[in-house]
There are 2 protein chains.
Amino acid sequence: MRKTQTLRLTRQRSIILQELQNLKTHPNADEIYEIVRKDIPRISLGTVYRNLEILSDIGQIQKLELGGTVKRFDGNTENHYHIRCVHCNKIVDASMDLIKDLEKNLNGNSGFTILDHRLEFLGICRDCEESLSNLEEEIAKPM
Amino acid sequence: MRKTQTLRLTRQRSIILQELQNLKTHPNADEIYEIVRKDIPRISLGTVYRNLEILSDIGQIQKLELGGTVKRFDGNTENHYHIRCVHCNKIVDASMDLIKDLEKNLNGNSGFTILDHRLEFLGICRDCEESLSNLEEEIAKPM
DNA sequence: ATTCTTGCAAACATTTTGCAGGGCA
DNA sequence: TGCCCTGCAAAATGTTTGCAAGAAT
């Protein structure tokens, strides 16, 4: 949890936020670093990590902790659902309304105070579908 | 995807599987390593990682790719939902029936072939709730 | 006998952190 | 001016991999 302190709006912080809000994708820290580097060539990856952490702490962006080992970030701070390609790990927003009161379906006493939920669909994206079927044709060919 | 090859049932592999099936928890690779080490003191962490990967590839265990950066594993191979403590990252099974056909709620064409879904509730576990309220009392005290 | 698997260690990938100098409020 | 923030580099963390020896089929 972040201490109550006066945060400063530095060029680095504001550009990271701005770029993230403009994107419809769900980049990881390194991808954000590469994008912001076009504006601030000498920015460091450490600064990117620190600011992503701060911005998500204060609710200006969303840290996505979904499938995969790498953290991703989202300029859209509303809870919404995602679809992830199990093959290439691409993530897109799911066009589906939020299910309210989903936690009412929980039976018994879990001992948890439920705050929210995350829903992720797993699937195969069109690109991977195509490359997989090409691969199958290739394998089926006699040598 | 795993090549079709004859897998061998080694002592290491069978004990990892067995221990994981006995656990109700959702350990990460290192925790599994510590547990299995009691049976096979000279097992290496690399072997644990390799076997967890293989066992989940062949569907004997489940790799949980939920919140958090660390991979966790589950001896229960049925899709089921989880509750995660946002404070200590503890994960427990949610007692809630699987929602069938959830993907029918997806509007429009995502371009994905949907295979499955993952649902995770976020909350605060009882332990963290207590330690947080103790902390607040502590802070409220005059010095 | 074959070849899959292991232990070990090194390599990798990702994220965090200490520090001295710089810049926002 | 105070102290938050930055760039840089090193460290920490988590996971994968090359290799020679060992074990399962």
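No hydrogens, no waters, no symmetry mates; every other heavy atom, side chains included, goes into these values.
Atom-to-atom, CZ of B:R13 to P of C:dG7 comes out at 12 Å; the value is rounded to the nearest Å. For A:N51 and D:dG7, the CG to C1' distance is 13 Å, given to the nearest whole Å. A:L52 places its CG atom 14 Å from the P atom of D:dC5, with the value rounded to the nearest Å. The nearest whole Å value for the distance from the CG atom in A:N89 to the C1' atom in C:dT14 is 15 Å.
Ring orientation note: the planes of B:H82 and B:H26 are nearly perpendicular, at an angle over 60° on the 30°/60° scale.
Rounding to the nearest 0.5 angstrom, the gap separating the CZ atom in A:R13 from the CG atom in A:L17 is 10.0 Å.
The main-chain N or O of A:N107 is found under 3.5 Å from a side-chain atom of B:S95 such that the two form a donor-acceptor pair.
Under 4.0 angstrom from either OP1 or OP2 of C:dG7 there lies at least one side-chain N or O belonging to B:Q12.
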**Request:** Sugar-phosphate means primed atoms, P, OP1 and OP2; the rest is base. With that split, encode nucleotides 16-25 of chain D 5' to 3' as B, S or - using protein heavy atoms under 4.0 Å.
**Result:** BBB----BBS
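Contacts between residues 20-43 of chain A and DNA chain D, counted as heavy-atom distances below 4.0 Å, involve A:R42, A:I43.
Side-chain contact between A:E120 and B:H117 is absent, with no heavy atoms from C-beta onward closer than 4.5 Å.
Closest non-hydrogen pair, B:F121 versus B:A94, comes out as CD1-CB, 4.4 Å.
Under the 4.5 Å side-chain heavy-atom criterion for ILVMFWY residues, a single connected hydrophobic cluster contains both B:L45 and B:I61.
Residues satisfying the ring pair (Phe, Tyr, Trp, His ring centres under 6.0 Å) test with A:Y49, not counting sequence neighbours, are none.
If you check the side chains of A:T77 and A:Q60, you find no donor sitting under 3.5 Å from an acceptor.
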